[in-house]
Visitor: 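The structure that follows is given in the form of structure tokens.
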Amino acid sequence: MEEDCEFRRWDELIPDALGLIFKNLSLQEILTVIPRVCKSWGKAVKGPYCWQEIDIEQWSQLRRPETLDRMLQMLITRSSGSLRKLCVTSLPSDQSLSFIADHAKSLQTLRLPRSEISNEIVEQVAWRLSTLTFLDISHCRNIGVPALEMIGKHCKSLTGLRRTMHPLELIDKLNQDDEALAIAATMPKLRHLEVAYPLISTESVLKILSSCPELELLDVRGCWNVILDEKIVKKFSKVKVVGPFQIDCCKMTGWDDCSNSGSSHYLSWDFVTGEIDDDYYEDMSDGAWEDDQSMEEVEMMFYDSFDFNNAGSGWPLSP
């Protein structure tokens, strides 16, 4: 006599439940291991349930533009308009941001550090990013006041902004007070603002503090021209201000690594998440994608021990 099974089979779970489980896995595992387990899991991975939050920030750091664009297009298309969070670094062009905006009707968190985007494209697509609540445009050297003004104008729900810069990126600028004033004038609902290391004045910081009554945290580390005396600190006592004379390590290597030293344990540079493992990328070399390959074939190349001559062998056993 067969015993009644108390638990539902894994391959019978509904796709959204599987998506919630798979989100705890790495990008590599989702794209290469899960689809090989069974058809229902493969179907779930190709649906929107796994791609409501896409974080390829670390993976994208060393990718060629065409490689990054193809991965973005595949994953964002799979989200089917349900994308809520996207983290990616070094967007190669304005076209990349335009594609993201085309699929941003549910997007709330967007992190684009070190991206090659312009004021012009931000002005064109900002209205399509109206659902954003947090935006990271740190180290985006080609944008400035026009982009910030359009973001403030159209992203009325924005409560968090990260606009951190590297000192070397500002070497040809006299100041960035205009950016600070644009933030103050157009983003009154901000609760979290990071503007570490730009060349701004005390007056600009005071304007931000006065214009953003809901502000809870302001990071002005490295803003050496800013002087906040006891009177100012007392007036805006509900705001946690980090800096300006915070002792941090800012390496001049193009990749920032700021220490956690100083009076505060708050760290705004958390998008630098450790050293890149060269072995990880050997199997995903820039020359690995050929024009005549399908995206499914591209996915397979993530697997560490993938061998075209023995495809299918050595995979984890089905649960």
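All of these numbers come straight from a predicted model, not from anything done at the bench.
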Visitor: Starting from Val145, can I reach Ile121 by hopping between I/L/V/M/F/W/Y residues whose side chains sit under 4.5 Å apart?
Guide: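 In one cluster with Ile121: Val145, no.
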Visitor: Would the distance check show the side chain of Thr89 and the main-chain N or O of Arg114 forming a donor-acceptor pair, the cut-off being under 3.5 Å?
Guide: no
Visitor: With sequence neighbours left out, what residues match Glu149 under salt bridge (charged side-chain N to carboxylate O under 4.0 Å, His left out)?
Guide: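 Once residues adjacent in sequence are excluded, Glu149 has no partner under the salt bridge (charged side-chain N to carboxylate O under 4.0 Å, His left out) criterion.
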Visitor: Please tabulate, for side-chain N and O atoms in residues 204-215, each donor-acceptor pair with protein atoms closer than 3.5 Å (sequence neighbours left out).
Guide:
{"from": "Ser204", "atom 1": "OG", "to": "Asp177", "atom 2": "OD1", "distance (Å)": "2.6"}
{"from": "Ser204", "atom 1": "OG", "to": "Ser201", "atom 2": "OG", "distance (Å)": "3.4"}
{"from": "Ser210", "atom 1": "OG", "to": "Leu206", "atom 2": "O", "distance (Å)": "2.9"}
{"from": "Ser211", "atom 1": "OG", "to": "Lys207", "atom 2": "O", "distance (Å)": "2.8"}

Visitor: Parallel, tilted or perpendicular, judged at 30° and 60°: which one describes the rings of Trp224 and Tyr197?
Guide: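 Geometry flag for Tyr197 against Trp224: perpendicular rings.
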Visitor: Which pair of heavy atoms, one from Gly160 and one from Leu190, lies closest together, and at what distance?
Guide: N-CD2, 3.8 Å
Visitor: Looking only at heavy atoms, which two atoms of Val125 and Ser98 are closest? And how far apart?
Guide: CG1-CA, 4.2 Å
Visitor: First locate atom CZ of Arg141, then atom OG of Ser115, and finally report the distance between them rounded to the nearest 0.5 Å.
Guide: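 Spacing of CZ (Arg141) from OG (Ser115) equals 11.0 Å.
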Visitor: Tell me, which pairs form a ring pair (Phe, Tyr, Trp, His ring centres under 6.0 Å) where one or both residues lie in residues 73-120, sequence neighbours left out?
Guide: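 Those involving residues 73-120 are Phe99-His103.
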Visitor: Please find the pair of heavy atoms, one from Ser82 and one from Gln52, that lie closest to each other, and give the distance.
Guide: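 Taking every non-hydrogen atom into account, OG-CG, 3.5 Å.
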Visitor: Closest heavy-atom contact between Glu123 and Pro146?
Guide: OE2-CB, 3.8 Å
Visitor: Can Lys231 and Asp229 be said to form a salt bridge (Lys or Arg N to Asp or Glu O under 4.0 Å), step by step?
Guide: CA-CA 5 Å; Lys231 183 178 179 180; Asp229 56 30; over 6 Å; no
Visitor: Might you point out which heavy atoms bring Arg78 and Leu31 nearest each other, and give the distance in Å?
Guide: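 Arg78 and Leu31 have their closest heavy atoms at NH1-CD2, 3.8 Å.
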Visitor: Go through the structure and list residues passing side chain to side chain contact (heavy atoms under 4.5 Å, CB included) with Thr159, not counting sequence neighbours.
Guide: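 Applying side chain to side chain contact (heavy atoms under 4.5 Å, CB included) to Thr159 gives Thr133, Arg191.
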Visitor: Verify side chain to side chain contact (heavy atoms under 4.5 Å, CB included) between Phe236 and Leu228, making sure each step is shown before the conclusion.
Guide: CA-CA 10 Å; Phe236 301 100; Leu228 302 176; over 6 Å; no
Visitor: If the condition is side chain to side chain contact (heavy atoms under 4.5 Å, CB included), which residues does Asn142 pass it with, not counting sequence neighbours?
Guide: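 Listed in chain order: Glu116.
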Visitor: First locate atom CG of Leu129, then atom CD1 of Ile100, and finally report the distance between them rounded to the nearest 0.5 Å.
Guide: 8.5 Å
Visitor: Give a yes or no on whether the backbone of Thr32 and the side-chain of Arg36 come within a donor-acceptor separation of less than 3.5 Å.
Guide: no
Visitor: Where do Met187 and Leu148 come nearest, in terms of heavy atoms and distance?
Guide: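 Looking at all heavy atoms of both residues, the shortest contact is CE-O, 3.5 Å.
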Visitor: Would you please name every residue forming a side chain to side chain contact (heavy atoms under 4.5 Å, CB included) with Pro92, sequence neighbours left out?
Guide: Pro65, Leu68, Asp69, Ser96
Visitor: Answer with yes or no whether the hydrophobic clustering places Leu86 together with Ile30; edges join I, L, V, M, F, W, Y residues whose side-chain heavy atoms lie under 4.5 Å apart.
Guide: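 Shared cluster, yes.
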Visitor: Given Glu57 and Arg111, is the salt bridge (Lys or Arg N to Asp or Glu O under 4.0 Å) satisfied, shown in steps?
Guide: CA-CA 8 Å; Glu57 194 164 345; Arg111 293 172 54 135; 3.2 Å; yes
Visitor: Return the CG to OG distance between Leu107 and Ser79, rounded to the nearest 0.5 Å.
Guide: 9.0 Å
Visitor: Do we see a donor-acceptor contact under 3.5 Å between the side chains of Gln108 and Arg84?
Guide: no
